[in-house]
Student: 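Can you read through this structure? Questions will come right after.
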Amino acid sequence: MSTVSFEDVGGKAWDAFCDESSEAWLRHTSTFLDFALTLGAESRNLSFAVPQHEKIVGIVPLVARKDGELGTCGFVMGGTPTRFP
């Protein structure tokens with residue numbers, strides 16, 4: 001299995017996949033990823049897609065954010081960080 005970063009996929013192709021998928025919703029789109037990146041100065045877009053025969057078959061929206069108060073990192077899920085070690 002290979003992966004392709006969000007930057008390499010591009011927002012247009014990412015959102016086209018979301019539009020075609022019955023499983024994708026707002027939090028999967030590039031618009032929400034852009035919003036999630038504004039939730040912290042050190043936020044990073046780590047989202048990636050899974051291609052098969054040059055077609056996207058899956059996506060993983062993933063934004064990492066550093067929590068300044070606790071000095072820990074978390075994944076942004078709807079504005080609420082989910083902690084990870």
Student: Would you say Leu33 and Trp14 make side-chain contact, with heavy atoms under 4.5 Å?
Tutor: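 Yes, close enough: below the 4.5 Å cut-off.
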Student: If you look at every heavy atom in Ser43 and Ala36, which pair is closest and at what distance?
Tutor: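 That closest heavy-atom pairing would be OG-O, 3.9 Å.
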Student: Assign the ring pair Phe35 / Phe32 to parallel, tilted or perpendicular, where the plane angle (0 to 90°) is split at 30° and 60°.
Tutor: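 Phe35 vs Phe32 ring planes: tilted.
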Student: Measuring from Leu26:CG to Thr31:OG1, what's the distance to the nearest 0.5 Å?
Tutor: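 Reported to 0.5 Å precision, the distance equals 7.5 Å.
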Student: What closest approach, in Å, do Gly58 and Ile56 show between heavy atoms, and which atom pair accounts for it?
Tutor: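 Heavy atoms of Gly58 and Ile56 come nearest at O-CG2, 3.5 Å.
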Student: What closest approach, in Å, do Leu62 and Ser47 show between heavy atoms, and which atom pair accounts for it?
Tutor: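 So the minimum-distance heavy-atom pair works out to N-OG, 2.8 Å.
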Student: Kindly give the heavy-atom pair with the smallest separation between Phe48 and Thr3, and that separation in Å.
Tutor: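 Heavy-atom minimum between the residues: CD1-CG2, 3.6 Å.
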Student: Applying the 4.5 Å side-chain criterion to the ILVMFWY set and letting contacts propagate, would Val60 and Met1 be lumped into a single cluster?
Tutor: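 Looking at the clustering, Met1 is in the same group as Val60.
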Student: Counting only heavy atoms not in Glu7, do more than 12 sit closer than 6.0 Å to its CD atom?
Tutor: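 Counting neighbours around CD of Glu7, more than 12 heavy atoms of other residues, nucleotides or ligands fall under 6.0 Å, so yes.
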Student: Between OG of Ser30 and CG of Leu37, what distance do you get to the nearest 0.5 Å?
Tutor: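 Answer for the OG-CG pair, Ser30 versus Leu37, is 10.5 Å.
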Student: Can you tell me how far the NE2 atom of His28 sits from the CG atom of Asp19, to the nearest 0.5 Å?
Tutor: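 CG of Asp19 is found 13.0 Å from NE2 of His28.
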